[in-house]
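Chain naming here is simple, since letters A, B, ... match the order of the sequence lines and numbering starts at 1 in each. Remember, predicted model here, so these are calculated numbers, not experimental data.
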Number of protein chains: 2
Amino acid sequence: MKGEIDKKLKQRNIKPTAMRELVYEVLDKNKKALSLYEIEQQFDNVERSTIFRTLKTFQDNFLIHSIDDGTGAVKYALCDEGCTCDPDDLHVHYLCNKCGQTHCLRDMPVPKMELPQDFSFESANFVVKGICSNCK
Amino acid sequence: MKGEIDKKLKQRNIKPTAMRELVYEVLDKNKKALSLYEIEQQFDNVERSTIFRTLKTFQDNFLIHSIDDGTGAVKYALCDEGCTCDPDDLHVHYLCNKCGQTHCLRDMPVPKMELPQDFSFESANFVVKGICSNCK
DNA sequence: GAAATACATGCAACAGTATTGCAAAGGTGT
DNA sequence: ACACCTTTGCAATACTGTTGCATGTATTTC
Ligand SMILES: [Mn+2]
Ligand SMILES: [Mn+2]
Ligand SMILES: [Zn+2]
Ligand SMILES: [Zn+2]
């Protein structure tokens, strides 16, 4: 509910506006990662660019993270409490090749790879693809 | 040289045409993964769509694999000999946030994750991002 | 070798997604 | 009320990927 959402936004130093509350709500109630277009579809008359900038604000403040699952559209999902999107906060994502849904595997951290000499590890995108339990 | 290239193409059941030889050569001599646009830039008057379809043919026959590194453009690199792009053939990729180059870490296999019950592992895209040794 | 056939290429148009400029609207503090 | 800053709406644009169709080139069939 609204009070809860505003609290989450303020925790991340994001001024709670009507738009932002709505976008947050959509991300929160869906249990999967959503693309800009999918978010847009859940409203009647909301501007794509406004949602776009809302997502940018969210991401800049680590309220959400983005996933590039290779489908052409970047998807977004809420971060866990206290997440700063550091290497230690990263988890694996799963794209179902059948239903096209992308899910956060929040309890599956991205493994730290032993990189070649003098290569730094700043972030990572690890997407596993297959058929999900629902589509099996 | 040309004979070698034709051999590689034929090994993958790809009819060696002039175009295909040229595209293969570009991918082979560059030691990094290239986007469609970057490949296009290495020629004077070659059609984007022709290169596109050439890459598609290459990929369908496991001569190359594609990498979505999150920069917006898919990149392509030669597969190892005998690769069938199965889960066992997959390796990690590295994107340098500074120079923008993407490299295959061919000796770093994508780790097999223990997925949730009834989720299958068909393929994966694992991109590590940071600063490469060159840009350090 | 000519005709028929299949395959490859070039050109142009289009689709999907992401991004920006700019003006109007809304909020905040004086 | 006013000045100031942020957010939103609208429109236009950029960028990448993809397709239809006509033409050209190779391969097969007779
Ligand atoms: Mn996630
Ligand atoms: Mn590779
Ligand atoms: Zn599914
Ligand atoms: Zn670099």
(request) Would you confirm whether Arg20(B), through its side chain, and Lys15(B), through its main-chain N or O, come within 3.5 Å as a donor-acceptor pair? (result) yes
(message) Without decimals, in angstroms, what is the distance between Gln59(B) CD and dG17(D) P?
(response) 12 Å
(message) Can you measure Lys56(A) atom NZ to dT6(D) atom P for me and round it to whole angstrom units?
(response) 15 Å
(message) Whole angstroms only, please: what is the CZ-C1' distance between Arg20(B) and dT25(D)?
(response) 12 Å
(request) Using atom types as modelled and distance alone, determine if a side-chain donor or acceptor of Asp68(A) lies under 3.5 Å from a backbone N or O of Gly70(A). (result) yes
(request) On DNA chain D, check which nucleotide each of Phe52(B) and Lys15(B) is closest to and give me the residue with the more 5' one. (result) Phe52(B)
(request) Report the distance from atom CZ of Arg53(A) to atom P of dA23(C), rounded to the nearest whole Å. (result) 14 Å
(message) Does anything in residues 32-39 of chain B come within less than 4.0 Å of DNA chain D? Heavy atoms only, and list the residues if so.
(response) Leu36(B)
(message) Keeping Thr102(B) on the side-chain end and Leu95(B) on the backbone end, is there a donor-acceptor pair under 3.5 Å?
(response) no
(request) Could you check how far CG of Leu55(A) sits from P of dT17(C), rounded to whole Å? (result) 15 Å
(request) Keeping the roles fixed (side chain from Asp89(A), backbone from Cys83(A)), state whether a donor-acceptor pair exists under 3.5 Å. (result) no
(request) Rounded to the nearest angstrom, tell me the gap between atom CG in Asn13(A) and atom P in dT7(D). (result) 12 Å
(request) Quickly work out the Gln41(B) CD to dT16(D) P distance and round it to whole Å. (result) 10 Å
(message) Please check this pair: side chain of Arg12(A) against backbone of Phe62(A), looking for a donor-acceptor N/O pair closer than 3.5 Å.
(response) yes
(request) Keeping the roles fixed (side chain from His93(A), backbone from Ile67(A)), state whether a donor-acceptor pair exists under 3.5 Å. (result) no
Donor-acceptor contacts, no H, no angles, side chain residues 107-119 of chain A, under 3.5 Å, sequence neighbours left out:
unit_1    : atom_1 : unit_2   : atom_2 : d
Lys112(A) : NZ     : Asp88(A) : OD1    : 3.4

(message) Let's see if you can work this out: which of dT8(D), dG17(D), dA18(C) has an atom nearest to the side-chain heavy atoms of Ala73(B)?
(response) dG17(D)
(request) List for me each residue that meets side-chain contact (heavy atoms from CB on, under 4.5 Å) alongside Glu21(B), sequence neighbours excluded, and say none if there are none. (result) Lys2(B), Ile5(B), Asp6(B), Leu9(B), Pro16(B)
(request) Pull out every residue in residues 4-12 of chain A that has a heavy atom closer than 4.0 Å to any atom of DNA chain D, ordered by number, or say none. (result) none
(message) Just the rounded figure in Å: distance from P of dG16(C) to CG of Asp69(A).
(response) 17 Å
(request) Please work out which residues in residues 43-51 of chain A have a non-hydrogen atom less than 4.0 Å from an atom of DNA chain D and list them by number. (result) Glu47(A), Ser49(A), Thr50(A)
(request) Look at the side chain of Asp28(A) and the backbone N and O of Tyr24(A), then say whether any donor-acceptor pair between them is shorter than 3.5 Å. (result) no
(request) May I ask you to decide whether Arg48(B) forms a salt bridge with Glu40(B), counting only side-chain N to carboxylate O separations under 4.0 Å? (result) yes
(message) Suppose we screen for side-chain contact (heavy atoms from CB on, under 4.5 Å). Which residues come up paired with Ser35(B), at least two apart in sequence or across chains?
(response) Tyr37(B), Glu38(B), Ala73(B), Lys75(B)
